[in-house]
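Since the structure comes first, as structure tokens, the remarks are kept for the end.
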Amino acid sequence: MKKNVLFLVFLLQSLLLVAQVSFTASVNKNKVGLNERFTLTFTLNDSGDRFTAPNLSDFSVLSGPATSSSTTIINGKMSKENSYTYYLRAKKMGVFTIGPASITVDRKQYRSQIISVQVLQSSPKNTSAASPEEKAKKNVFLELELSNSEPYVGEQIIATYKLYFSQEIRSPELLEDPAFTGFWHEDFDLGENYPIHKGRRNGKAFQVATLKKMVLIPQRSGKLTIDPMDLEVPVAIPTNQRDFFGRRQSRIIRIICSSGNKTIQVKDLPSEGKPSNFSGAVGAFEFSTRLDRDSIQTNESATLSMRVSGTGNLRMIDLPKFNIPNDVEAYEPKFKEQVNLKKQGLTGYKRVEYLLIPRNRGTYKINSGNFSYFNPKTKKYLTVDKPSYTLTVHGESSGANGAVVLNNITKEDVSFIGKDILYIKTSPGDLKSSKKLFFGSGSFITLLIIPMVLVLAALLFVVLVRKSIINLEQLRKGSVGKQAIKILQSKGVDAHTAIEQALQTFFYKKWNLDRAQFNKERMEEVLLKNQVDSAVIESLKELLEACEMARFTSFQRKEDAQTSSLFDKTKDIIEKLDRY
């Protein structure tokens, strides 16, 4: 009986221990705004492995899982906790369900509960219209501008993403790159820096940065949606605090800017008047053909070419084909294409060139065909017809084995003509023979000595350093003054900022004075500690006082009125301090 009781107690304890394992899921907020960040955390009160996350495709995963673990001992009882945290961003509105994650503890799998998150148009938190975040959103926003919102299929439109801002911002971070389903697209090259110009919106002046510009060509009719581009933009908000030089300091807040979904209505090309040979060319084009010679001898060559140029969907155009008689040999055509992105879109030309070699005498007619395209401005189809060419061949028929005479063709343009031999050089060129050997020559001896000299120089340098004849630390410190003076000479920075940055850099790298302690009292302590001449210390004080006087009042001493005078004084002080 006692054995049965002990067995039941042991069984109950085991069940209690199993019941103590807890694996839960939680979010820091169940209601979030569109493009708002939130965290998803899975917590286990034990040690586990084989963690498997749920499907998070309804959200943008910014980072994760970030793992953390902790162990606590209370009243002699030890407890563990392991967490897996994801940082997510809501990318579309609605109610979304986050499924369970799973983890294994002592060969047993545990699953977390299901969580629901509601995504609203805006954040549900009560923010005042006068709050810095709301002001920043009014002063910084992203727009997608389209040159045409109702294009035809195949008609190119220019899409430009512009960031408007009337407050100081830092470099934006791309959160979501837009997708262009149903479009062919190609980006403009905007260079390394975003082009910025001035603009106005609703009567308010803005700085406008062009972040992305591309040409879009719709491939099907109907409603096509351009997904939003989402940016996280750091915005500098002025505060009441001021720095060492009295300038107002700012704090950075991060806001999400989105271009939003953009839907365009793509019109189908009209069926009325559509030519039978229309192949999808949409734009404004010119079509031309050319036969360079109309009378040749047998086995001589003639060049037949075709060219389409203009503005439109050039990359998707197929050139028409010539109708070449069977008795005229036509070798593989040579294609050339030059299409560039200009202000109006894709512009350039496509060209094809055929090499014709007739083997028999006679008169041959070559049909150059025609080219059809749709002009979206006139909303009409246009067909360009070109005349047929007549090629007259004289001489005796020699079949395919006759010698070929090329006209207007360079040697580099032709690799094989039938089975003829490639062009060869008839002379060896300017060749010179030499009986001298490199081994034992002056160049050989020089190359042999140079490595030995370099090794000896390196050994000598090491010996001088070890005997303290050369002080590496002094060499390193000697460059601090030059670096500070280089900052002083930076372009595009006002005089007071340049002086501040130069002095901060110098004191930090020479005497490890942290930038947070950069004030006159602390600087004087450092200088006195390093036994700097009192005259130099007084000169530095006068320089700082002159900068403060110029910044806070309209009064300036005559000798300090010029920026060059302040720079010269700063440079002189840095050079003197660099000797200590």
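- Contact between Ala53 and Ala101 at its shortest, heavy atoms only, is CA-CB, 4.3 Å.
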Self-check item: Phe165 and Phe141: CA distance, side-chain angles, deciding distance, ring-ring contact (aromatic ring centres under 6.0 Å, His included) verdict
Solution: CA-CA 7 Å; Phe165 59 97; Phe141 56 89; over 10 Å; no
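- Shown here is Lys342, whose NZ atom has no more than 12 heavy atoms of other residues, nucleotides or ligands within 6.0 Å.
- The OG atom of Ser68 sits 7.5 Å away from atom CG of Asn82, with the distance rounded to the nearest 0.5 Å.
- Counting heavy atoms of neighbouring residues, nucleotides and ligands inside a 6.0 Å radius, atom CZ of Phe180 exceeds 12 of them.
- At a threshold of 4.5 Å between non-hydrogen side-chain atoms, the residues Leu120 and Val32 do not count as touching.
- Nearest heavy-atom pair across Pro54 and Ile98 is CG-CG2, 3.9 Å.
- The line from CG of Leu577 to CG of Asn530 is 9.5 Å long, rounded to the nearest 0.5 Å.
- Looking only at side-chain heavy atoms (C-beta outward), Leu142 and Val233 stay at 4.5 Å or farther from each other.
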Run the side-chain donor-acceptor check on residues 255-264: report pairs under 3.5 Å with partners two or more places apart or on a different chain.
{"residue": "Ser258", "atom": "OG", "partner": "Asp230", "partner atom": "OD1", "Å": "2.6"}
{"residue": "Ser258", "atom": "OG", "partner": "Gly260", "partner atom": "N", "Å": "3.2"}
{"residue": "Ser259", "atom": "OG", "partner": "Met229", "partner atom": "N", "Å": "2.9"}
{"residue": "Lys262", "atom": "NZ", "partner": "Leu144", "partner atom": "O", "Å": "3.4"}
{"residue": "Thr263", "atom": "OG1", "partner": "Thr225", "partner atom": "OG1", "Å": "3.4"}

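- A pairwise comparison of heavy atoms in Ala205 and Ser166 identifies O-CB, 3.9 Å as the closest pair.
- Between Ile158 and Leu146 the shortest side-chain heavy-atom distance does not fall below 4.5 Å.
- In this structure, Gln167 contributes its side chain and Val140 its backbone to no donor-acceptor pair below 3.5 Å.
- In this structure, OG1 in Thr24 is found 8.0 Å from CG in Asn45, a value given to the nearest 0.5 Å.
- Within 6.0 Å of CG in Asn340 there are more than 12 heavy atoms belonging to other residues, nucleotides or ligands.
- Side-chain atoms of Val526 and Val532, non-hydrogen and from C-beta on, never get closer than 4.5 Å to each other.
- Taken from CG in Leu527 to CD in Glu538, the straight-line distance is 11.0 Å, to the nearest 0.5 Å.
- Within the 4.5 Å cutoff, side-chain heavy atoms of Gln207 are placed close to those of Lys198.
- The distance between the ring centers of Phe51 and Tyr84 falls below 6.0 angstrom.
- A 4.5 Å side-chain heavy-atom check between Thr160 and Thr210 finds at least one atom pair inside the cut-off.
- Within the 3.5 Å criterion, the main-chain N or O of Gly99 finds no donor-acceptor partner in the side chain of Asn55.
- The side-chain heavy atoms of Asp189 and Leu341, taken from C-beta on, include no pair separated by under 4.5 Å.
- Of all the heavy atoms in Val235 and Ala136, the pair that sits closest is CG1-CB, 4.1 Å.
- At least one donor-acceptor pair closer than 3.5 Å links the side chain of Arg315 to the backbone N or O of Val339.
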Check the pair Leu56 / Tyr86 against side-chain contact (heavy atoms from CB on, under 4.5 Å), numbers first and verdict last. CA-CA 10 Å; Leu56 300 174; Tyr86 288 87; 4.0 Å; yes
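- Comment: Glu143 does not engage Lys162 in a salt bridge, judged by the lack of any side-chain N to carboxylate O separation of less than 4.0 angstrom.
- Residues Glu173 and Leu231 fail the side-chain proximity criterion, which asks for heavy atoms closer than 4.5 Å.
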Exercise for the section: Take Asn30 and Ile115 through the side-chain contact (heavy atoms from CB on, under 4.5 Å) test and state the conclusion after the steps. Expected result: CA-CA 9 Å; Asn30 290 98; Ile115 292 182; 4.2 Å; yes
Tell me, with the steps shown, if Lys29 and Thr39 meet side-chain contact (heavy atoms from CB on, under 4.5 Å).
CA-CA 8 Å; Lys29 54 184 77 173; Thr39 59; over 6 Å; no
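- The CZ atom of Phe23 lies 9.5 Å from the CD atom of Gln109; values are rounded to the nearest 0.5 Å.
- Scanning all heavy atoms of the two residues, the minimum distance from Val215 to Phe188 falls at N-CE1, 4.0 Å.
- Ionic pairing of Asp187 and Lys213 is not present here: no N-O contact between side-chain nitrogen and carboxylate oxygen is shorter than 4.0 angstrom.
- Atoms CD and CG, on Gln156 and Leu314 in that order, are 8.0 Å from each other to the nearest 0.5 Å.
- Salt bridge Glu145/Arg201: present, at least one basic N to carboxylate O contact under 4.0 Å.
- Evaluation of the ring pair (Phe, Tyr, Trp, His ring centres under 6.0 Å) rule for Phe59 yields Phe38, Phe96 as partners, not counting sequence neighbours.
- Between the side chains of Thr347 and Thr311, at least one donor-acceptor pair of N or O atoms lies under 3.5 Å.
- Taking the charged nitrogens against the carboxylate oxygens, Arg37 and Glu232 do have a contact shorter than 4.0 Å, which makes a salt bridge.
- The two residues Pro178 and Tyr161 have their closest heavy-atom pair at CG-OH, 3.4 Å.
- Electrostatic pairing of Lys569 and Glu542 does not count as a salt bridge here, judged by no charged N lying under 4.0 Å from a carboxylate O.
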Exercise for review: Could you walk me through whether Ile252 and Arg170 pass the side-chain contact (heavy atoms from CB on, under 4.5 Å) test, one step at a time?
Suggested key: CA-CA 9 Å; Ile252 301 297; Arg170 302 291 188 262; 4.0 Å; yes
